Amino acid sequence: DHSFGATVLFSVQSEVDEMFSSSVEGVTADQQQFYSMGDASTILGVGSNYTKWAILSYMGRINYGYKDKYLLTATVRADGSSRFAPAHKWGYFPSVAVAWNISKENFLENVTFLNDLKIRTGYGSTGNTGINPYATQGALSRTAYSFGETSAFGFQPSLFRNFDLRWESTASFNIGLDFSLFDYRVKGSVDLYRASTTNLLMNRQIPANSGFTSVVSNIGATQNKGLEISLSTVNINSVSGFKWQTDFTFYTNHEQIVSL
């Protein structure tokens with residue numbers, strides 16, 4: 001009567017980007033191109049860049065079923081991102097879903113045209129790290145200034161650092177109905193959903209007399225809610241191999257800015 005299942009996941013994702021560029025004029029021979037830049041008459045500029053980011057993830061999930069009528073899935077996920085400051089690297093995202101397989105109930109066992117009928121609902125959250133690597137640390141850029149009567153190069157802050165940046169998160173709730181009729185010749189589903197996103201990672205305008213015009217912050221919230229309906233029918237399925245199937249889909253979505 002009882003069934004249990006469990007899944008445990010561990011993952012590491014990392015990406016490294018390296019870039020080098022150079023620009024010159026007056027290469028001795030066209031066919032030498034990149035391989036003779038040192039002989040060029042004018043060196044216009046050189047540049048290089050290096051970025052690295054990583055995400056460490058843990059996930060645990062439990063599935064439970066009773067007589068294939070009542071189903072439960074519970075999940076907890078933890079993600080750590082190098083893009084955020086040490087105090088806010090980790091985000092925790094739980095989810096739970098339950099379903100009632102009504103077609104397995106005794107009071108429907110004599111309904112011959114009904115193959116499957118299931119009501120389900122679920123709630124869960126996910127995270128987003130939509131910022132560039134090192135965004136919490138700030139950045140420097142080279143600048144020219146006057147050192148007495150001599151011009152010189154120096155460095156100035158070019159990105160306002162924000163150690164309070166944290167995960168953007170989306171919490172979703174949905175309720176749905178799945179059905180199959182007439183020996184699975186008619187199948188469909190209906191879903192109502194609502195998704196709320198908070199701690200949006202966006203540029204916030206700040207007074208220019210601070211030396212900057214914007215800073216990446218967790219600001220604002222948005223919400224999406226809507227309805228999705230799908231229906232699939234098998235109109236002809238002959239023994240000769242000819243099959244005619246139709247699929248219909250309808251959805252509507254309403255998005256709004258809750259706060260900004």
Side-chain angles (χ1 to χ4, degrees), residues 1-16 52-102 104 116 118-137 162-178 189-202 216-228 251 253 255-259:
D1 290 341
H2 302 273
S3 62
F4 292 91
T7 303
V8 178
L9 175 143
F10 168 78
S11 70
V12 177
Q13 182 181 0
S14 179
E15 180 176 301
V16 177
K52 180 180 180 179
W53 59 265
I55 292 181
L56 178 68
S57 302
Y58 301 92
M59 188 273 287
R61 181 174 59 209
I62 295 177
N63 295 313
Y64 168 73
Y66 177 69
K67 292 186 176 181
D68 201 26
K69 297 180 184 179
Y70 314 109
L71 309 173
L72 168 69
T73 300
T75 305
V76 176
R77 183 182 181 101
D79 296 289
S81 173
S82 65
R83 298 174 188 243
F84 297 111
H88 303 295
K89 287 186 182 296
W90 287 94
Y92 302 94
F93 309 103
S95 67
V96 61
V98 294
W100 178 24
N101 199 344
I102 308 175
K104 299 292 184 179
D116 286 316
K118 180 189 293 183
I119 296 177
R120 49 184 167 73
T121 184
Y123 173 85
S125 61
T126 58
N128 176 36
T129 62
I131 58 174
N132 293 324
Y134 321 121
T136 57
Q137 302 178 20
N162 183 356
F163 290 133
D164 291 328
L165 284 178
R166 63 195 66 208
W167 285 77
E168 177 183 307
S169 61
T170 300
S172 303
F173 170 80
N174 83 291
I175 183 169
L177 174 72
D178 301 321
S189 64
V190 180
D191 278 278
L192 283 168
Y193 66 87
R194 184 181 66 186
S196 300
T197 303
T198 56
N199 290 327
L200 292 169
L201 291 164
M202 299 178 64
V216 181
S217 305
N218 292 106
I219 54 175
T222 62
Q223 185 181 92
N224 283 271
K225 54 186 177 181
L227 168 69
E228 294 182 358
Y251 76 93
N253 180 77
E255 181 179 11
Q256 62 178 335
I257 298 175
V258 179
S259 65

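Everything numeric in this text was worked out from a predicted model, so none of it was measured. No hydrogens, no waters, no symmetry mates; every other heavy atom, side chains included, goes into these values.
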Looking only at heavy atoms, what is the nearest atom pair of [X] and [Y], with distance?
X: Gly65; Y: Leu71; value: CA-CD2, 3.9 Å
X: Thr73; Y: Asn63; value: OG1-OD1, 2.9 Å
X: Lys52; Y: Tyr134; value: N-OH, 2.9 Å
X: Thr198; Y: Ala221; value: CG2-CB, 4.1 Å
X: Gly124; Y: Ser95; value: CA-CB, 3.5 Å

Set of residues satisfying ring-ring contact (aromatic ring centres under 6.0 Å, His included) with respect to Tyr123, sequence neighbours excluded:
none

Considering residues at least two apart in sequence or located in another chain, which fulfil the ring-ring contact (aromatic ring centres under 6.0 Å, His included) criterion with Phe93?
Trp167

By side chain to side chain donor-acceptor pair (under 3.5 Å), which residues pair with Trp100, not counting sequence neighbours?
Glu105

What is the distance from atom [atom1] of [X] to atom [atom2] of [Y], rounded to the nearest 0.5 Å?
X: Ile102; Y: Asp178; atom1: CD1; atom2: CG; result: 10.5 Å
X: Lys89; Y: Thr129; atom1: NZ; atom2: OG1; result: 11.5 Å
X: Ser3; Y: Asp68; atom1: OG; atom2: CG; result: 7.5 Å
X: Tyr64; Y: Phe4; atom1: OH; atom2: CZ; result: 5.5 Å
X: Ser217; Y: Leu201; atom1: OG; atom2: CG; result: 9.0 Å

For [X], is the [atom1] atom crowded, meaning more than 12 foreign heavy atoms sit under 6.0 Å from it?
X: Phe173; atom1: CZ; answer: yes
X: Lys69; atom1: NZ; answer: yes
X: Lys118; atom1: NZ; answer: no

Once salt bridge (charged side-chain N to carboxylate O under 4.0 Å, His left out) is applied, do any residues pair with Asp116, and if so which ones, sequence neighbours excluded?
none

Holding to salt bridge (charged side-chain N to carboxylate O under 4.0 Å, His left out), I want the full list of residues that pass it with Asp164, two or more places apart in sequence or in another chain.
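By the salt bridge (charged side-chain N to carboxylate O under 4.0 Å, His left out) rule, Asp164 matches no residue at all.
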
Under a 3.5 Å distance rule, please check whether Asn218 uses its side chain to pair with a backbone N or O of Arg166 as donor and acceptor.
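A pair under 3.5 Å: yes.
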
Using residues 76-87 as the side-chain source, report each donor-acceptor pair under 3.5 Å to any protein atom, sequence neighbours left out, with the distance given to one decimal.
{"residue": "Arg77", "atom": "NE", "partner": "Asp79", "partner atom": "OD1", "Å": "3.1"}
{"residue": "Arg77", "atom": "NE", "partner": "Asp79", "partner atom": "OD2", "Å": "3.0"}
{"residue": "Arg77", "atom": "NH2", "partner": "Asp79", "partner atom": "OD1", "Å": "3.4"}
{"residue": "Asp79", "atom": "OD1", "partner": "Ser57", "partner atom": "OG", "Å": "2.4"}
{"residue": "Ser81", "atom": "OG", "partner": "Arg83", "partner atom": "N", "Å": "3.2"}
{"residue": "Ser82", "atom": "OG", "partner": "Ala54", "partner atom": "N", "Å": "2.9"}
{"residue": "Ser82", "atom": "OG", "partner": "Ala54", "partner atom": "O", "Å": "3.4"}
{"residue": "Arg83", "atom": "NH1", "partner": "Ile131", "partner atom": "O", "Å": "2.4"}

Are the side chains of [X] and [Y] in touch, meaning some heavy atoms are under 4.5 Å apart?
X: Leu72; Y: Ile62; result: no
X: Leu56; Y: Trp90; result: yes
X: Leu165; Y: His88; result: no
X: Tyr193; Y: Asn253; result: yes

What do the steps show when you test Val216 against Thr136 for side chain to side chain contact (heavy atoms under 4.5 Å, CB included), and what is the final call?
CA-CA 8 Å; Val216 181; Thr136 57; over 6 Å; no

Criterion side chain to side chain contact (heavy atoms under 4.5 Å, CB included) against Arg120, the qualifying member of Asn174, Val98, Leu177, Ile175:
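For Arg120, the side chain to side chain contact (heavy atoms under 4.5 Å, CB included) test succeeds with only one of Asn174, Val98, Leu177, Ile175, which is Asn174.
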
Among Asn128, Thr197, Asn224, whose side chain to side chain donor-acceptor pair (under 3.5 Å) with Thr170 holds?
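Output: one option passes, namely Thr197.
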
